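On a predicted model such as this, the values are computed, not experimentally measured, just so you know. Throughout, a chain's letter reflects where its sequence line sits, starting with A, and its residues are numbered from 1.
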Amino acid sequence: MKRLEDPRLLRGRGRYLDDVVLPRLLAVAFVRSPHAHAGLAAIEASAARAMPGVAAVITAAELRGLVRPLAPRLAGPGFTPSAWPALAERAVQFCGEAVAAVVADSPYAAADACEGVRVEYEPRPAVTDIDGALAAERVVFRRAYRHGDVDAVFAAAPIQLRERFTHGRCVAAPLEPRGVLADWDGETLTVWSSTQIPSALRSTLAASLGLQETHVRVIAPDVGGGFGLKTHVFPEELAVAALARLVGRPVKWIETRREQLLAGAHAREQRMDVEVAADPSGLVRGLRARVVADAGAYHIYPLTAALEPLGSAAILPGPYRAEVYEYEAVAVRTNKPPLGAYRGVGMTMGAFVMERVLDLLAERLALDPAEVRRRNFIPREAYPFVSASGLTYDSGDFPKALEQALALADYDALRREQAQARAAGRLLGIGVACYTEYTGMGSDVFRRRGMHDVRGVESATVTMEPDGGVRCATSFPSQGQGHATTIAQVIADRLGVALERVRLAPADTAVAPAGSGTFGSRGAVSIGGTVAVAADQVRARLQVLAGHLLEAGVEDVVLEGERAYVRGLPDRAVAIAELARLAYSPPCGGLPAALGPGLSATVYFDPPGPTFSGAVHVAVVEVDPATGRVRVARYVVVEDCGPVVNPTIVEGQVHGAVAQGLGEALQETLAYDEDGQLLTGTLMDYALPKADDVPAFEIGHLETPSPIMPGGVKGMGEGGTIGAPAAVANAVADAVRAHGVRITALPIRPETLRAVSSQG
Amino acid sequence: MNDVALRLTVNGQPREGRCAPRKLLVDFLREDLALTGTHVGCEHGICGACTILVNGEAARSCLMLAVQADGAELVTIEGLMRDGVLHPLQEAFREHHGLQCGFCTPGMLMTALDLLHVKPEPTEADVREGLSAVLCRCTGYHGILKAVQAAAPRMVTAAHQGRNA
């Protein structure tokens, strides 16, 4: 089905952050540290202030007392807080950290003036990797967990594996970079931000700047992709808001791509040491894991550095039955940008490790990779199932999903093809990966993790206007996921009006009720829990009104085709638009006493979850031994997100997420030298997947409804990025297995695979 | 340095303006001509979001100075629709879910237009190679490829019927 948001975007009439212009608007550019770690001895800005077009140069000194830094909280032991300031004050902690802001009448003049700001740095030694940070005891988060008699299971296990897996640093890289515009009129701060979390941003800005939330308005215009990067609050957002107050004019900052690679939130970097205890049959009995994430210089707001290592450790058991498990999740502080959320956060690494481990186990026991998974799956009838890490999986059917995926891929034929290819000297590999994914999390999940600055609640208002058109405003905006269309479907279906009669309001805290935002695959679940419920409430009011007018019982009123009619008597009808008119202009004699005027409902929803969706991925790759380049020849996904509201949008999410996962697995690295200098600072060096890097995708669906979520719906936006690195890693490992090349690190680098050819 | 005057044709309309010699063409389009459909995704010539047609060929407007376009004929995303009707490429992108967030879409459409001018009947490999000039982070290119392949024969037909496709 065609999306409602497309015609505008296709005509170039989208309105993204940089398209927003206000009278008297000034441009902001940041002076950023060239050192990974240095004291700030002095900042000399008078020359810059005198440059043409410059309105102000602001340093931390001017912001003192105006802006509180970003200091997310995490309850429980093992947490060392940090405070990320709007502008660095006494020292810089990573290369790219902002030390001053220039406000000028154009971005060109602002960039010129940045060159004129003289900063006296006192360089200090930088800590730039996990080992260095551990040696210096720079642990900012540590949590241990133990379930069952782990030692006994390991002592008794005839099969044991031990391996270290690593994941490099990458970045979400939405095509639209970050950007903020702020305007202060003396009473109200209005902020446009390219954000996934306008409601949470409003709260954070209000608290940081000492304003009431009623006096802060946050608008997220069209957002050109987020993928988790924009689910944080950044110092630049605080700084730009403060600058608007200081300068007394609207100010706008648009991030350059270089700035994003250098100073936006990064993702993933961690290592996991894992031990596996198994039976000779291939059944995994127990797991031990130690995860250490390189969290960068500060805790990311509001999620903290716990997000990645805790998530990886918790999801490790996956859709499998391991009985005992102990883990330690650690985050260490380094002189690199903070580690934040990126599609699949905390799950991609867990799936990569578990799926590699199962393949290593299969190899050891001479089992087919598919067979070792069959032997370990939680059977469908065992759900709800409490995993060894204490997660309650509400639903799933992995045995069925696996068989469906193998059939779609024609797995047996693939294995025959592989045998022929190998005989011909070609390096063809097949990889299978299965994962379960926490989605649609409510407040309880965040509170249990100790995260107090993530609300977990969402909301929506559905209003039928006096002409019968319907307006919906939500706390969870779209960054391309097509909410306007899906929400219109849900509402039109319930209120009996045409799709085109429903409009999703812009993401604006002035019209939308409060909530959390769009992250963690919560869109579909949130629509089910808020929009659908609010629409049902409006529907009930329409039925009462129609029943009153048509002299029929409420339960006999049908809403369909823009009309309300009595069931079985289609001629006894009233137009829905007429009902809407009457709701705001009551007829002679008034509305039924129990009804009252108006047709609007606001619903707040705290998801009773997580609910767990899942998928099986099958990747077919060919490795070129001369270059080490990996070509992905085929890619099959069978996904299960429960009942699907809009298949086009669900498949689009899978395509995009898998492509991102392929980039993560094979191409993307934010490389640093030992001094903490970024070596991959442009898109020439940081290689995102292009059209000729990805294969065609083959997708199958399975629907195992969630027993706990409204409509049985589960989230699914992140899944592809969770499964793809694991499936590709297994496929590459399968391709080069005979050559003794170990695949234990992401991304998989060509030089690792070129070792194959040097061995002959 | 003093501003320089330039005259050019944009989407069939004569336009003129004055700007600094160092001003990028994409900034001139967006700020001076208020044509904000052309986007800046990387400002160093990799992502392709800023792609427009310059004298009939795809060009990255973030790598050109505005003064280099003096006297040129430009087509931007705003010039794609004719007489209130979506261009066959735009229609195909809508039918095949060729966009999600929409940020790369203008550059992707202009690049596809250039590709189909050069290769009216492209193979899938041609389309993949041709569109590898533009990054999309949302779609995995799946819907985009389908859209361009679907639009190709329609544009050939439209060209035969004498319409300006």
Please classify the contact between [X] and chain A as side chain, backbone, both or neither, with a heavy-atom cut-off of under 4.5 Å.
X	result
T105(B)	side chain
L80(B)	neither
K146(B)	neither
I144(B)	neither
I77(B)	both

Checking heavy atoms, do the side chain of [X], its backbone, both or neither come under 4.5 Å from chain B?
X	value
A172(A)	backbone
Q653(A)	both
P177(A)	side chain

Chi angles and distances behind the side-chain hydrogen bond (donor to acceptor under 3.5 Å, both in side chains) call for E176(A), H39(B): CA-CA 8 Å; E176(A) 183 201 26; H39(B) 298 151; over 6 Å; no
Single hit among R13(A), R8(A), R15(A) for salt bridge (Lys or Arg N to Asp or Glu O under 4.0 Å) with D222(A):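 Among R13(A), R8(A), R15(A), the one meeting salt bridge (Lys or Arg N to Asp or Glu O under 4.0 Å) with D222(A) is R8(A).
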Heavy-atom pair count under 4.5 Å with chain B, highest-scoring of D112(A), D693(A), V658(A):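 With the most close heavy-atom pairs to chain B, the winner is D112(A).
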side-chain contact (heavy atoms from CB on, under 4.5 Å) between R137(B) and Q660(A), intermediate numbers included: CA-CA 7 Å; R137(B) 291 292 286 156; Q660(A) 290 188 333; 3.6 Å; yes
Centroid separation Y16(A) to F103(B) less than 6.0 Å: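 That pair passes the under 6.0 Å test.
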